[in-house]
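Sequence lines set the chain letters: A, B, ... in the order given, protein chains first and strands last, and positions in each chain run from 1.
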There are 2 protein chains.
Amino acid sequence: MTFPDLFDEFRTAVLPGGASDPTLSNLESVARYTSAREGDAPFNGIGVDQIVFIAGGSTKLVAHVSQGREQVVAFHFRGDLVSVPASAAHAYTLCALEDCELVFFPADDFLQIAQQEPHLVITILERTLRSLARSREKSVALGRKTAEERLASFLVTMAERIGWSRDGAVELDLIMSRRDIGDSLGLTIETVSRQLSELRNACLIETSGRSRFRLLDLPSLHRRAGHLELAG
Amino acid sequence: MTFPDLFDEFRTAVLPGGASDPTLSNLESVARYTSAREGDAPFNGIGVDQIVFIAGGSTKLVAHVSQGREQVVAFHFRGDLVSVPASAAHAYTLCALEDCELVFFPADDFLQIAQQEPHLVITILERTLRSLARSREKSVALGRKTAEERLASFLVTMAERIGWSRDGAVELDLIMSRRDIGDSLGLTIETVSRQLSELRNACLIETSGRSRFRLLDLPSLHRRAGHLELAG
DNA sequence: CGTCACCTTGACGAGTCTCAAGTTGTGTGG
DNA sequence: CCACACAACTTGAGACTCGTCAAGGTGACG
């Protein structure tokens with residue numbers, strides 16, 4: 001994909017309502033793009049907060065606690081917008097789960113330009129609020145849930161984001177490794193594996209290969225996730 | 001405090017640059033206010049997402065997992081802005097830690113009006129990004145840190161938000177109970193208590209009464225928190 | 001000054017981690 | 001297309017952190 005194509009991808013996904021020409025050309029002038037191979041961390045040591053649009057592929061945002069200890073703070077898929085901080089109490093790295101096409105902006109420049117276009121800021125704000133809501137849900141899972149609840153919660157949440165229906169079940173492709181899942185749920189790969197086996201034995205899920213999952217009983221999974229019972 | 005005073009409080013805190021008169025009067029017309037007593041949960045069952053400004057006092061945002069299990073997702077102090085979701089995978093409650101003065105808006109109306117004032121949206125966005133950053137840091141703590149690290153992390157973070165310097169140490173008043181701290185850190189009150197005793201024995205903190213803390217050695221606390229060493 | 005909720009401390013047990021061994025899937029080269 | 005090699009995953013046994021239960025302390029009120 002060429003740069004203009006990628007910027008277009010960003011424009012139509014983030015600005016479906018359109019924007020004024022000068023704003024667009026300003027944005028395009030500060031936009032950069034990169035394609036990342038699986039495992040790449042294109043923003044390591046870049047020094048400024050970035051706003052990154054996932055034009056293709058999928059990524060994880062990882063916090064490094066100490067050698068060997070990592071926490072996956074979020075996963076992202078095509079069409080998502082990520083705020084990648086330069087620094088905080090911990091170092092963060094955006095890392096490609098598969099080959100990716102990324103459009104990115106220095107956050108400062110982006111917000112500066114966005115001031116001209118309330119529409120755009122509102123869209124970003126709405127997406128940021130959704131990220132915040134997901135991050136809070138993650139805190140709940142990490143702080144107060146058992147391994148089984150975390151796994152069930154993870155599966156139904158991912159199903160909502162990237163799953164599809166087939167034969168009355170929901171299927172999804174979990175491209176991330178067991179280690180990534182563990183690092184996202186605050187568990188070890190062994191515990192992840194054991195809990196998946198539990199769910200398989202309970203006939204709540206089927207797996208084929210390493211990444212293909214079939215969720216056979218969403219209501220039960222929601223219950224095991226400790227989620228609110230939805231009326232109706 | 002009267003309503004106009006409270007709205008003024010909001011205006012000067014959130015809109016230091018000012019805003020156009022029509023926007024302000026529109027905002028004022030959808031703004032509501034309430035004073036909450038300690039322990040009150042003024043937004044329970046209100047049914048719509050709210051944007052809440054803490055004009056006075058302090059609050060916690062709590063997710064209810066199951067009877068007896070709660071997760072405090074964030075604490076808020078005077079001048080903070082909170083997004084209170086109506087519903088998600090879990091029920092959330094904003095709860096007063098002490099007597100509070102709150103200004104609040106239905107999120108939809110607020111964003112609708114804010115479209116007229118890019119300045120305002122940018123401010124809200126910046127605050128939301130800070131909330132997101134804090135929420136991510138909390139995920140890191142909950143997912144990959146020991147009890148001791150969580151406590152140290154909590155203390156230095158709170159010190160940055162509400163602490164003051166005195167005699168070469170940082171003091172702060174932790175108005176929330178040990179239970180609140182535990183529910184925030186994914187620990188029990190007993191573990192919180194034990195870890196505080198550890199930190200006392202290590203001469204890293206002093207406490208007087210239930211809520212007054214003195215942090216005697218910030219660098220060591222940062223180290224125990226597993227935080228990044230800051231150059232310089 | 002007394003009362004009560006809140007906090008502290010101790011002993012024990014459950015859930016998850018660690019370490020280790022075996023199995024399965026995936027990708028590569030013949 | 002098959003066989004091989006390696007990484008990823010699964011499963012098991014024992015250790016450790018933190019939770020649970022229980023019994024005192026302590027500080028903040030009236």
Side-chain angles (χ1 to χ4, degrees), chain A residues 37-39 60 65-71 97-99 141-155 173-202 205-213 224 226, chain B residues 37-39 60 65-71 97-99 141-155 173-202 205-213 224 226:
Chain A
R37 307 296 303 271
E38 180 184 340
K60 57 178 176 178
V65 179
S66 65
Q67 57 108 25
R69 275 195 300 177
E70 299 195 335
Q71 176 65 39
L97 293 173
E98 62 187 321
D99 293 359
L142 295 177
R144 285 287 177 241
K145 293 199 173 178
T146 64
E148 181 184 31
E149 289 172 321
R150 293 185 207 181
L151 246 303
S153 196
F154 174 76
L155 290 174
D173 243 312
L174 290 181
I175 195 167
M176 66 288 282
S177 68
R178 297 289 187 273
R179 172 165 303 281
D180 290 331
I181 298 176
D183 285 345
S184 167
L185 301 180
L187 302 169
T188 58
I189 48 175
E190 293 93 334
T191 302
V192 170
S193 205
R194 275 187 265 268
Q195 295 303 331
L196 287 178
S197 298
E198 290 275 316
L199 293 174
R200 260 190 296 263
N201 293 339
I205 67 172
E206 282 173 357
T207 59
S208 61
R210 278 169 181 149
S211 67
R212 175 61 57 86
F213 285 69
R224 293 216 182 194
Chain B
R37 307 296 302 274
E38 181 184 338
K60 58 178 176 178
V65 179
S66 67
Q67 57 108 28
R69 273 195 301 176
E70 299 195 335
Q71 176 65 39
L97 293 173
E98 61 187 322
D99 293 359
L142 295 176
R144 285 286 177 241
K145 293 198 173 180
T146 64
E148 180 184 31
E149 290 171 321
R150 292 184 208 182
L151 247 302
S153 195
F154 174 76
L155 290 175
D173 243 312
L174 290 181
I175 195 167
M176 66 290 282
S177 68
R178 298 288 186 271
R179 173 165 302 283
D180 289 331
I181 297 176
D183 285 345
S184 166
L185 301 180
L187 302 169
T188 58
I189 48 174
E190 293 93 335
T191 302
V192 171
S193 207
R194 276 187 265 267
Q195 295 303 330
L196 287 179
S197 299
E198 290 275 316
L199 293 175
R200 259 191 297 262
N201 293 339
I205 67 172
E206 282 173 359
T207 58
S208 60
R210 278 170 181 150
S211 67
R212 174 62 56 88
F213 285 70
R224 292 217 184 195

query: D:dA7 C1' sits how many Å from A:Arg179 CZ, rounded?
result: 12 Å
query: A:Glu198 has an atom CD; how far is it from atom C1' of D:dT11, in whole Å?
result: 12 Å
task: Evaluate salt bridge (Lys or Arg N to Asp or Glu O under 4.0 Å) for A:Glu149 paired with B:Arg69, printing each intermediate quantity in order.
output: CA-CA 13 Å; A:Glu149 289 172 321; B:Arg69 273 195 301 176; 2.7 Å; yes
field: Under 3.5 Å: donor-acceptor pair, side chain of A:Glu206, backbone of A:Arg200
entry: no
message: Would you compute the distance between atom CG of A:Leu174 and atom CZ of A:Phe154 and round it to the nearest 0.5 angstrom?
response: 5.0 Å
message: Using every non-hydrogen atom in the two residues, find where B:Asp173 and B:Arg212 come nearest and quote the distance to one decimal.
response: OD2-NH2, 3.0 Å
message: For a quick check of understanding: with a heavy-atom distance under 4.0 Å over all strands, which category does B:Arg200 fall into, base, sugar-phosphate or nothing?
response: sugar-phosphate
Reading 5' to 3' through nucleotides 18-30 of chain D, protein heavy-atom contacts under 4.0 Å coded B for base, S for sugar-phosphate only, - for none: SSBB----BBS--
task: Give, for atom CG of A:Asp99 and atom CD of A:Glu38, the distance between the pair rounded to the nearest 0.5 Å.
output: 7.0 Å
- prompt: Could you state the interatomic distance from CD (A:Glu148) to OG1 (A:Thr191), rounded to the nearest 0.5 Å?
  reply: 12.5 Å
field: Covered region of DNA chain C, 5' end to 3' end, by chain B [heavy atoms, under 4.0 Å]
entry: C:dA5 to C:dA11
field: Contacts of A:Ile189 that satisfy side-chain contact (heavy atoms from CB on, under 4.5 Å) - sequence neighbours left out
entry: A:Arg178, A:Arg179
- line: For B:Leu142 and B:Gly186 the tightest heavy-atom approach is CD2-N, 3.7 Å
